[in-house]
2 protein chains.
Amino acid sequence: MNTDKLKTAGDSSTEEKIKNAARTVFHKKGFAAARTRDIAEEAGINLALLNYYFRSKEKLFNIVMLETFQSFFASVSSIFNNPDSGFEEKIEQFASRYIDLLFSEPEIPLFIINEIRNNPEELIKNTDIKHAVFQSVFAQQYKILEHEGKIKEPGFINFMMNLMGLIVFPFVAAPLLKSISGLTDEQFNAVIETRKKLIPVWMKAILEA
Amino acid sequence: MNTDKLKTAGDSSTEEKIKNAARTVFHKKGFAAARTRDIAEEAGINLALLNYYFRSKEKLFNIVMLETFQSFFASVSSIFNNPDSGFEEKIEQFASRYIDLLFSEPEIPLFIINEIRNNPEELIKNTDIKHAVFQSVFAQQYKILEHEGKIKEPGFINFMMNLMGLIVFPFVAAPLLKSISGLTDEQFNAVIETRKKLIPVWMKAILEA
DNA sequence: GTCTATAACGTGATAGAC
DNA sequence: GTCTATCACGTTATAGAC
């Protein structure tokens, strides 16, 4: 996004290679367990270059964390604030698109959860998730249905816990679930794939319970 | 459990103090971020004593991890294998008792999830969770209801993902959920308290959907 | 068993040649 | 910009006195 220096090749520049490698390693191991040497190796560059471009491990981490956090919630916001889709339609879109997103980057939820715990106040300033979720078109539509008596479940926060839990939890607990079920990666993914269609049905049942 | 040395005072012995401190620190920070100095300070003992009793950080960690894992799944197993309670009754018991357990030790799920990811094969050998869950009375009762056509949901594994997700996810994602909702700790806990009664209702609705 | 002092090692960061 | 060599520091682990 920084165009003031006109990079020759945005994606293959050394700076980008380091950042991409850092993202991979930090997502997998978290800040504490990640070593700058791991990142340098992953990027195929010399360790000294990491400090040349980003000054310190912490600075590099903060950049990765902020970008991850923002892109992750941008995708939420775009669905939640679509004015052209109805309430149930949004649940379907959210389940389907979020599960696809998690298939491509399954470490992200755990990364965000862990690093937010170590740094609760930092990210809340830099991103307005609260607004993106609670002031969203989706939240408005929920309140209308609630007011019309079509929803009995007590409150939007419980609703969000349920929706997020059903979608995200299988990815967060994947290693554990695989070992207790004995499923292969392929079988496990197939199960989750079926949940794209099932979660909207279940959420509807919950709302009417 | 080791009675071959007849400890003078099982709970207040130096060895136990170190282990309890280690449990606290490891649960909160994970292996990589925890320092042996943190543990020694938490235990109120000298750093050298840690190595005197447990040889290394890693050995101490493995003991804590194994004990945590076993006690955590022992509580699951005791509910799942109660022959005197029915299927829906078990869901109620599980939701209520597990949420209480998580109130008292909220870091445990994230600890287990994170450390299992770093060491997938280790724990599966030492504990037979797979058997405790999939061969449980609870699983048998599920299969009977499924066979009788009283359950439409596709499969026990999906069912377990839903049940665990609804119960555990709010604790795992607590810091994130608090910041997006703006709830205080007390308000947040109050919401989760209501879920003890609601989750069984929701699970019933899901099964019949 | 418990302590102080210190060794041994790993990791983040920098100096300086090219 | 990129590399090699090295420093500085924090952390785990141990030696040895008491």
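Just so it is clear, the model here is predicted, and its values are computed rather than measured. Proteins come first, then strands; the chains are lettered A, B, ... in the order of their sequence lines, and each starts at number 1.
Between A:Tyr142 and A:Phe87, the ring-plane angle classifies as tilted under the 30° and 60° cut-offs.
Counting to the nearest Å, the P atom of D:dC9 and the NZ atom of A:Lys57 are 18 Å from each other. Across the protein-nucleic acid pair, B:Arg37 atom CZ and D:dT14 atom P stand 14 Å apart, rounded to whole Å. Rounded to whole angstrom, the span from the CD atom of B:Glu58 across to the C1' atom of C:dC9 amounts to 15 Å. The distance from atom CD1 of B:Ile18 to atom C1' of C:dC3 is 13 Å, rounded to the nearest whole Å. Atom CZ in B:Arg35 sits roughly 16 Å away from atom P in C:dT11 (whole-Å rounding).
Annotation: ring-ring contact (aromatic ring centres under 6.0 Å, His included) contacts involving residues 13-36 of chain A, sequence neighbours excluded, comprise A:Phe26-A:Phe61, A:His27-A:Phe111, A:Phe31-A:Phe61.
Relative to the side chain of B:Thr36, the nucleotides C:dT2, D:dT12, C:dT11 differ in distance, and D:dT12 lies closest.
A salt bridge does not link A:Glu107 with B:Arg117: every distance from a Lys NZ or Arg NE/NH1/NH2 to an Asp or Glu carboxylate oxygen is 4.0 Å or more. Comment: B:Arg97 does not engage B:Asp100 in a salt bridge, judged by the lack of any side-chain N to carboxylate O separation of less than 4.0 angstrom.
The local environment of NZ in B:Lys178 is crowded, with over 12 non-hydrogen atoms from other residues, nucleotides or ligands closer than 6.0 Å.
When heavy atoms are screened at a 4.0 angstrom cut-off, A:Ala34 is found touching the sugar-phosphate backbone but no base atom.
Atom CZ in B:Phe169 sits 10.5 Å away from atom CG in A:Asn162 (nearest 0.5 Å).
Contacts between residues 38-53 of chain A and DNA chain D, defined by a heavy-atom separation below 4.0 Å, involve A:Asn46, A:Ala48, A:Leu49, A:Tyr52, A:Tyr53, listed by number.
When the side-chain nitrogen and oxygen atoms of A:Thr14 are compared with OP1 and OP2 of D:dT2, one or more of them lie within a distance under 4.0 Å.
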